[in-house]
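Step one of this worksheet: look at the structure below.
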Amino acid sequence: MRAAQPPIRLGIAGLGLAGSFMIRAAVAHPRIALCAAMDPLSRPREAFVRQFDAPVYSDFYDLCRDPSVEAIYISSPHRFHASQAVEAMQHGKHVLVEKPLALTLAECDEVVAAADGSGLHLIVGHTHAFDPNIREMHRLIESGELGKLGMIHTFNYNDFLLRPH
């Protein structure tokens, strides 16, 4: 029997939409402890402090320097993903970064090299395979109750990169 392991001490970088989804998931998971957050805007930081009574930072560097943080979830705007992932690993933090990992292949190579050189864990994005709607679609397809699957066509538009941040 394996001994119980302490929860992963997670810091959140970016308290916008993606960050708020991760916060809900982290709170529900017994192996994760939210211990700090970073956002350049004061209102999300204030809300995080009220809810979790944990340190907040306006600068990513300060989050990286927090000794209570073991891993950082990066949900900042896309243009910061690569540089923040590298910086986090330079400070000895494991990284879970939202997709995309970076904006260029060269930046991707830098992040992968930082992970390889540090021996830290780097996880990119997430899968929707376990979302309730996808699981239900899988169940319907497997059951055959709607007949044989001929084609799936899906379209999703998100203006995330075009919206001001």
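Numbers for residues simply follow the sequence, beginning at 1.
- Taken from CG in Asp66 to OH in Tyr61, the straight-line distance is 12.5 Å, to the nearest 0.5 Å.
- Listed for the Glu142 side chain is no donor-acceptor partner under 3.5 Å among the backbone atoms of His138.
- Looking only at distances, no side-chain donor or acceptor of Lys99 sits under 3.5 Å from a matching main-chain atom of Val124.
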In sequence, state the C-alpha distance, the side-chain angles, and the governing distance for Val111 and Met89, and then conclude on side-chain contact (heavy atoms from CB on, under 4.5 Å).
CA-CA 9 Å; Val111 178; Met89 287 182 281; 3.9 Å; yes
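- The minimum heavy-atom distance between Pro67 and Lys93, with the atom names listed, is CA-NZ, 4.3 Å.
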Begin from the C-alpha positions of Val95 and Ile123 and carry the test side-chain contact (heavy atoms from CB on, under 4.5 Å) through to its verdict.
CA-CA 6 Å; Val95 172; Ile123 301 170; over 6 Å; no
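- With hydrophobic clusters built from ILVMFWY side chains whose heavy atoms lie under 4.5 angstrom apart, Phe48 does not share a cluster with Ile8.
- With rounding to the nearest 0.5 Å, the separation of SG in Cys64 from CD in Gln84 is 7.5 Å.
- The heavy-atom pair separating Ala18 from Tyr73 by the smallest distance is O-OH, 3.6 Å.
- The backbone N or O of Gly14 lies less than 3.5 Å from a partner atom in the side chain of Ser75, making a donor-acceptor pair.
- Within 6.0 Å of the CG atom in Asp59, the count of heavy atoms belonging to other residues, nucleotides or ligands exceeds 12.
- Note on Leu140 and Leu149: separate hydrophobic clusters, where clusters join Ile, Leu, Val, Met, Phe, Trp and Tyr whose side-chain heavy atoms are under 4.5 Å apart, directly or indirectly.
- Between the side chain of Arg9 and the main chain of Ser68, a donor-acceptor pair closer than 3.5 Å is present.
- Here the CG atom belonging to Leu10 is positioned 6.5 Å from the CE atom belonging to Met22, to the nearest 0.5 angstrom.
- Salt bridge status for Arg139 with Glu145: present, with a side-chain N to carboxylate O gap under 4.0 Å.
- Pro7 places none of its side-chain heavy atoms less than 4.5 Å from the side chain of Ile32.
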Would Leu34 and Ile12 satisfy side-chain contact (heavy atoms from CB on, under 4.5 Å), going step by step from the backbone distance to the final call?
CA-CA 8 Å; Leu34 287 176; Ile12 306 278; 3.8 Å; yes
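- Transitive grouping of hydrophobic side chains (ILVMFWY, heavy atoms separated by less than 4.5 Å) brings Ile72 and Leu120 into a common cluster.
- In this structure a side-chain-to-backbone donor-acceptor pair under 3.5 Å is missing from Asp62 to Tyr57.
- The local environment of CZ in Arg24 is crowded, with over 12 non-hydrogen atoms from other residues, nucleotides or ligands closer than 6.0 Å.
- Rounded to the nearest 0.5 Å, atoms CG (Leu15) and CG (Leu41) are 9.0 Å apart.
- In this structure, the separation between CG on Asp39 and CG on Leu63 is 11.0 Å, given to the nearest 0.5 Å.
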Under the side-chain contact (heavy atoms from CB on, under 4.5 Å) criterion, do Ser58 and Met38 qualify, and how do the steps go?
CA-CA 6 Å; Ser58 61; Met38 170 270 169; over 6 Å; no
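- The heavy-atom pair separating Ala82 from Glu107 by the smallest distance is CB-CB, 3.8 Å.
- Side-chain heavy atoms closer than 4.5 Å link hydrophobic residues (I, L, V, M, F, W, Y) into clusters, and following such links, even through other members, never connects Phe80 to Val97.
- Taking NE2 from His78 and CG from Leu101, the interatomic distance works out to 11.5 Å, rounded to the nearest 0.5 Å.
- Arg31 CZ: more than 12 foreign heavy atoms inside a 6.0 Å radius.
- At distances below 3.5 Å, not a single donor-acceptor pair connects side-chain atoms of His121 with backbone N or O atoms of His94.
- Of the possible donor and acceptor atoms, one in the side chain of His81 sits under 3.5 Å from a partner among the backbone N and O of Pro100.
- Heavy-atom neighbours of Leu146 CG from other residues, nucleotides or ligands within 6.0 Å: above the threshold of 12.
- Across every non-hydrogen atom of Cys35 and Pro55, the tightest pair is O-CD, 3.2 Å.
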